[in-house]
Amino acid sequence: QQLQGSIAPALVNSALKHGEDFDAILKSISEGIASTEMVDFAKTLQEDQIRDLTTYIIAAHKSPDLIISDDKPSEVGTKHYDLRIEKIVGEGLDKPWGIEFLNADSALVTFSKGELRWLVGGKVDSKKIEGIPKTYASDMFGGLMDVALDPDHEKNGWVYLAYSYNSAGTKDENAPGTTKIVRGKVKGHRWTDEQTLFQAHDSLFVAYGTRWGCRFLFDKQGYLYFTIGEMRGPHDSGGRRPQLLARPEGKIFRINRDGSIPESNPLKNKKNVFQAIYAWGTRNVQGIAQHPATGEIYFTDHGPEGGDELNRLKNGTNYVWPDITYGVDYGGAIISNETHKEGMEQPLTYWTPSIAVSAIEFVSGHMFPKWNNDLLVTALKFEEVRRLAIENDKVKDDEILLKGYGRVRDIKIGPDGALYVLTNTPDALLRITPKTP
């Protein structure tokens, strides 16, 4: 709908930075664009096909109504509920990444370009919060990522942020970087009292990095879990970094709120490893949630081409990326011929082709009682919200609730019990309730 590939920016309602006229677009398609992943399609497409494609892109770009419609239905039927879908915020959102509600009237929203803003009364505050740490990259995988509130936020005011970091403070996305975790306090429109909770040494930074992570979870015991992706770049296969315990990539971490290491962490007091590691061998975890009843923690992991996974998180477990996978590399290259190995953890379910799995949230509260304890799974590329009923670590039901409303970046059950869905392209915050309460 937005003329957008699996990882490419939208061509509709956006500036075409390599030229918007016929000749410029035809040249980009035919010859590719240097220093990007845009290849030369003259090797694949015939000349008349490229001309037709150029005409189509221009028509869609100049007249978006030919491609997307603004009269999306406000109601969607599902197995248990007819849903009412309300777009409550659109204006002021520019590549939002994460949302965290303070109360029924206000929330904090992170933006991948490196901004933190208040959402108050259903509107984005035009004044950004100053003093936020500088982000190193601002592509769809990096920048300012997740936000979380301390379980005792009303008393102590701590807010937790994850962002792509470069020690030189440069915006150059070719420079080495890593994912950094900090906490601080938001006083009005000022970020203050910042403390670093996790940061790898400069010698471990990755150049041309992508797939940064990062999603937060505070469990019922008050531990903070966070994820870091395997940081593969266009000139770097990623190798076996997720299997190396002396490196931060491809891991799920658990720390105390002040950054110290819990005694029950699997690598506590071991040398030459990151003692904050709780599990390893993941690719790019962007969804993590705790079951309201059982307390079990589940996470979603991006596969390559195929093999997006849902897993249950276990202390000290290796999830074996890249040694086993249900996917292949972009372009079809084989990553591993193995999908099973004895003693190695298997996903609860996986999706092939990849849906580009993103944030997850367990349903709780009074508004959707028939869904309570079901897991909501979101997708970027497939623009979906799915409901998974899980019993004894088996997925008993997998229902698509929402599709085509945008790339779903985050999902939350709000203080009012409604379901809130944060999307990119278009950038919006949707409020979803049953049509009949």
Next item on the list: Would you mind telling me which of F216, Y225, Y319, Y278 makes a ring-ring contact (aromatic ring centres under 6.0 Å, His included) with F299?
Entry: Y319
Next item on the list: Indicate yes or no for a side-chain donor-acceptor contact from R407 to the backbone of T423 under 3.5 Å, with no hydrogens or angles considered.
Entry: no
Next item on the list: Could you go through the side-chain contact (heavy atoms from CB on, under 4.5 Å) check for E361 and I413 one step at a time?
Entry: CA-CA 8 Å; E361 177 88 333; I413 299 293; 3.9 Å; yes
Check: Quick one: are M145 and T110 in side-chain contact, heavy atoms under 4.5 Å?
Finding: no
Margin query: Are there over 12 heavy-atom neighbours, none belonging to K185, within less than 6.0 Å of that residue's NZ?
Written below: yes
Note to self: With a 3.5 Å distance limit and no angle check, can you tell me whether D301 reaches the backbone of R283 through a side-chain donor-acceptor pair?
What the structure shows: yes
Item checked: salt bridge (charged side-chain N to carboxylate O under 4.0 Å, His left out) between E249 and K251, intermediate numbers included -> CA-CA 6 Å; E249 302 89 2; K251 311 295 191 304; 5.2 Å; no
Notebook entry, point to check: Salt bridge between K396 and E391, side-chain N to carboxylate O under 4.0 Å?
Noted result: no
Next item on the list: With side-chain contact (heavy atoms from CB on, under 4.5 Å) as the test, would you mind laying out the steps for K128 and E130 before giving the verdict?
Entry: CA-CA 6 Å; K128 66 181 180 181; E130 301 290 344; 3.8 Å; yes
Next item on the list: Classify the angle between the aromatic ring planes of W371 and H80 as parallel (below 30°), tilted (30 to 60°) or perpendicular (above 60°).
Entry: perpendicular
Note to self: Testing the 3.5 Å rule here: is there a donor-acceptor pair between the side chains of S354 and D308?
What the structure shows: yes
Note to self: Any heavy-atom pair between the side chains of T282 and E230 that's under 4.5 Å?
What the structure shows: no
Note to self: Show the nearest heavy-atom pair for residues N372 and G365, with the distance to one decimal.
What the structure shows: ND2-O, 3.1 Å
Item checked: Non-hydrogen atoms of W191 and G131 that approach each other most closely -> CD1-O, 3.2 Å
Check: What is the ring orientation for F253 with F226, classed by angle as parallel under 30°, tilted 30 to 60°, or perpendicular over 60°?
Finding: parallel
Next item on the list: Assign the ring pair H291 / Y298 to parallel, tilted or perpendicular, where the plane angle (0 to 90°) is split at 30° and 60°.
Entry: tilted
Next item on the list: Could you tell me whether R312 and E296 make a salt bridge, using a distance below 4.0 angstrom between a side-chain N and a carboxylate O?
Entry: yes
Next item on the list: Please answer whether the main-chain N or O of K394 pairs with a side-chain N or O of N392 as donor and acceptor at a distance below 3.5 Å.
Entry: no
Notebook entry, point to check: Between the side chain of S164 and the main-chain N/O of G143, is any donor-acceptor distance below 3.5 Å?
Noted result: yes
Check: So, for Y81 and T78, which heavy atoms are closest and what is the spacing to 0.1 Å?
Finding: O-OG1, 2.6 Å
Next item on the list: Check whether any side-chain heavy atom of W118 lies under 4.5 Å from a side-chain heavy atom of L102, and answer yes or no.
Entry: yes
Next item on the list: Give me the one residue out of L429, I432, I85 that meets side chain to side chain contact (heavy atoms under 4.5 Å, CB included) with V421.
Entry: I432
Check: To the nearest 0.5 Å, how far apart are CD1 in I252 and SG in C214?
Finding: 10.5 Å
Next item on the list: Determine whether L204 and T178 make a side-chain contact, defined as any pair of heavy atoms from C-beta on separated by less than 4.5 Å.
Entry: no
Next item on the list: Determine, stepwise, if the pair D48 / R51 fulfils salt bridge (charged side-chain N to carboxylate O under 4.0 Å, His left out).
Entry: CA-CA 5 Å; D48 59 338; R51 297 184 70 86; over 6 Å; no
Item checked: Residue pair D410 / A359: nearest heavy atoms and the distance that separates them -> OD1-CB, 3.5 Å
Notebook entry, point to check: Going from CZ on R254 to OH on Y223, what distance comes out if it is rounded to the nearest 0.5 angstrom?
Noted result: 5.0 Å
Margin query: Check whether N424 reaches the backbone of P96 with its side chain - one donor and one acceptor, N or O, closer than 3.5 Å.
Written below: yes
Margin query: Counting only heavy atoms from other residues, nucleotides and ligands, does the tally under 6.0 Å from CZ of R257 exceed 12?
Written below: yes
Check: What do the steps show when you test D427 against D94 for side-chain contact (heavy atoms from CB on, under 4.5 Å), and what is the final call?
Finding: CA-CA 6 Å; D427 297 324; D94 185 6; 4.1 Å; yes
Item checked: CG on L402 to CG on L430, rounded to 0.5 Å -> 7.0 Å
Notebook entry, point to check: V89 versus V124: any side-chain heavy-atom pair under 4.5 Å?
Noted result: yes
Checklist line | Centroid separation Y136 to W212 less than 6.0 Å | finding: yes
Margin query: I'd like to know if the side chain of K403 and the backbone of F382 have a donor-acceptor N/O pair within less than 3.5 Å.
Written below: yes
Notebook entry, point to check: Distance-only, no hydrogens or angles: does the T352 side chain make a donor-acceptor pair with backbone N or O of G307 under 3.5 Å?
Noted result: yes
Note to self: If you apply the rule salt bridge (charged side-chain N to carboxylate O under 4.0 Å, His left out), what do you find for R387 with D374, and how did you get there?
What the structure shows: CA-CA 7 Å; R387 179 187 63 85; D374 287 352; 2.8 Å; yes
Checklist line | Least distance between heavy atoms, I411 atom then V385 atom | finding: CD1-CG1, 4.0 Å
Check: Is the shortest distance from a Lys or Arg side-chain nitrogen in E75 or K435 to a carboxylate oxygen in the other one below 4.0 Å?
Finding: yes
Next item on the list: On the 0 to 90° scale, with breaks at 30° and 60°, tag the Y165-F205 ring pair as parallel, tilted or perpendicular.
Entry: perpendicular
Next item on the list: List the steps and the verdict of side-chain contact (heavy atoms from CB on, under 4.5 Å) for I297 and I288.
Entry: CA-CA 7 Å; I297 295 174; I288 184 168; 3.7 Å; yes
Check: Taking the side chain as C-beta and beyond, is there a heavy-atom pair between Q286 and T300 under 4.5 Å?
Finding: no
Next item on the list: Mark yes or no for whether Q290, through its side chain, and K220, through its backbone, hold a donor-acceptor pair below 3.5 Å.
Entry: yes
Margin query: Does this structure show an ion pair linking R215 with D146, if we count only N-O contacts that are shorter than 4.0 Å?
Written below: yes
Notebook entry, point to check: To the nearest 0.5 Å, how far apart are CG in L116 and CD1 in I132?
Noted result: 4.5 Å
Check: In this structure, are over 12 heavy atoms from other groups packed under 6.0 Å from K127 atom NZ?
Finding: no
Note to self: Tell me whether the count of non-hydrogen atoms from other residues, nucleotides or ligands lying under 6.0 Å of CZ in R431 goes above 12.
What the structure shows: yes
Next item on the list: Work out which heavy atom in L348 is nearest to a heavy atom in D393; give both atom names and the distance.
Entry: CG-O, 3.5 Å
Next item on the list: Decide yes or no for K95 and K113: does some side-chain heavy atom of the first lie under 4.5 Å from some side-chain heavy atom of the second?
Entry: no
Margin query: Strictly distance-based, threshold 3.5 Å: is any side-chain N or O of S30 a donor or acceptor partner for the main-chain N or O of K27?
Written below: no
Next item on the list: To the nearest 0.5 Å, tell me how far I25 CD1 sits from I50 CD1.
Entry: 13.0 Å
Item checked: Any side-chain heavy-atom pair of V408 and E384 under 4.5 Å -> no
Next item on the list: First locate atom CD1 of I400, then atom CD of E383, and finally report the distance between them rounded to the nearest 0.5 Å.
Entry: 12.0 Å
Check: Taking T378 for the side chain and I360 for the main chain, is one N or O donor matched with an acceptor at less than 3.5 Å?
Finding: no
Notebook entry, point to check: Step by step, would you call K79 with D397 a salt bridge (charged side-chain N to carboxylate O under 4.0 Å, His left out)?
Noted result: CA-CA 11 Å; K79 186 178 296 184; D397 197 5; 2.9 Å; yes
